[in-house]
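Within every chain, numbering begins at 1; the chains are lettered A, B, ... in the order of the sequence lines, protein sequences first and strands thereafter. Values in this document were obtained by computation on a predicted structure and should not be read as measured data. All values below were derived from every heavy atom in this structure, side-chain atoms included, with hydrogens, water molecules and symmetry-related copies excluded.
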Number of protein chains: 2
Amino acid sequence: MKVESTELRKAGLKVTHPRMRILEILDSQDGKHFTAEDIYRELLDRHDDIGLATVYRVLTQFEAAGMVLKHNFEGGQAVYELDRGKHHDHMVDIESGKVIEFSSEEIERLQHEIAEKHGYVIEDHSLVLYVRPAKRK
Amino acid sequence: MKVESTELRKAGLKVTHPRMRILEILDSQDGKHFTAEDIYRELLDRHDDIGLATVYRVLTQFEAAGMVLKHNFEGGQAVYELDRGKHHDHMVDIESGKVIEFSSEEIERLQHEIAEKHGYVIEDHSLVLYVRPAKRK
DNA sequence: GTTCATGCAAACCCTTTGCAGCCAT
DNA sequence: ATGGCTGCAAAGGGTTTGCATGAAC
């Protein structure tokens, strides 16, 4: 039995064709971030007849199940990535649109320190650097 | 002459009633973050007959002129605040919706270090901590 | 056979835009 | 006077939802 179907069952979701396909696409490229449209078009390319509404519904369910992370970078369109367990933040190259992942334990630590100082506990956080290739000197 | 009108002229914008009023509202509470609707409703309360479209247009112009900062926190609605020159990041209390400002030179420094390490220069960044009041122990 | 999921189109929310009239300069 | 501004209503883009059909269990 495929890994995907186990994942779905674990999340309490029926193993349906759309969910399997979408999960496969999300899993196909590590570190890649997809918009709902990206996935929809990929499905069309594969001649899978799955509606855009279903893509949104499935992504929302995956997010609720903790299988997928959703990010709202600038630009209106949300992007999704498979949650592979290692936390990271993002850098967006504003010239190419490319998304680079990074992580910094030190920043994480400082964030918790700051929240604590204000009497809070961090539930979630979002750190995005909008960057541009450095000019060679 | 009021400070507001000087600000507007400096930005190359005509000194109109809507722009003055919106600027006044933004200036009325330091550290406060407004949605376009917040401002619109505030204007209605003051019996200023200004359309929501105008509020959006004016806020966009203010942002372009560097007078105002726009943030896209979770929840679909953008919030605006007067740019008073001191950079800061945000913490959002997910229970009350309250926005707390903070700043950390150390985090800023680490961000630049990370971007540089990847061959990039930071153009902009967004750091938001979604927090919950700490339980008393 | 039930229950849950899907496709389609319509609805939704926030934001932007076209246009004719109005106001600041 | 004239060019930029405004209000209104309509359009826009991304996302969600209602409903009848269809698939998974």
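Using a 4.0 Å cut-off between charged side-chain N and carboxylate O, Arg109(B) and Glu105(B) make no salt bridge. Ion pairing between a basic and an acidic side chain is recognised when a charged N comes within 4.0 Å of a carboxylate O; Asp27(B) and Arg84(B) show such pairing.
Listed nucleotides dC14(C), dT15(D), dC25(D) differ in distance to Gln77(B); the shortest reach to its side chain belongs to dC14(C). With dC4(C), dT16(D), dT16(C) as the candidates, the nucleotide lying closest to the side chain of Arg19(A) is dC4(C). For Ala78(A), the listed nucleotide lying nearest its side chain is dT15(D); candidates were dA9(C), dT6(C), dT15(D). Taking every side-chain heavy atom of Lys14(A) into account, dC4(C) is the closest of dT16(D), dC4(C), dT6(C). Comparing atom distances between the Leu13(A) side chain and each of dT6(D), dA5(C), dT16(C) picks out dA5(C) as nearest.
If you take NE2 of His17(A) and P of dA24(D), they are 9 Å apart, rounded to a whole angstrom. One can place CG of Leu8(A) at 12 Å from C1' of dA5(C), the figure rounded to the nearest angstrom. When rounded to the nearest whole Å, the span between CZ of Arg41(A) and P of dG14(D) equals 11 Å. For Tyr40(A) and dG14(D), the OH to P distance is 14 Å, given to the nearest whole Å. Here the P atom of nucleotide dT15(D) and the CD1 atom of Ile39(A) are 11 Å apart, to the nearest Å. Rounded to whole Å, the distance from CG on Leu52(A) to C1' on dA5(C) is 16 Å. The distance from atom CD of Gln61(A) to atom C1' of dC4(C) is 10 Å, rounded to the nearest whole Å. Rounded to an integer number of Å, the gap from Asp49(B) CG to dC8(D) P is 6 Å.
Comparing Val15(B) and Ala36(B), the nucleotide of DNA chain C nearest to each residue sits closer to the 5' end for Ala36(B).
When each of His112(B), His87(B), His71(B) is checked for a ring-ring contact (aromatic ring centres under 6.0 Å, His included) with His125(B), only His87(B) meets the rule.
Ring geometry for His90(B) versus His88(B): interplanar angle over 60°, hence perpendicular rather than tilted (30 to 60°).
Side-chain N/O atoms of Thr16(B) include one lying less than 4.0 angstrom from OP1 or OP2 on dT6(D). The shortest distance between the side-chain N/O atoms of Tyr56(B) and the OP1/OP2 oxygens of dT16(C) is not below 4.0 Å. In this model, the phosphate group of dG7(C) is approached by a side-chain N or O of Thr54(A) to a distance below 4.0 Å at OP1 or OP2.
Side-chain N/O atoms of Arg57(B) and base N/O atoms of dG4(D) include no donor-acceptor pair closer than 3.5 Å.
Residue Ile50(A) comes nearest to Pro18(A) through the heavy atom pair CD1-CA, 3.5 Å, listed as atom of the first residue, atom of the second, then distance.
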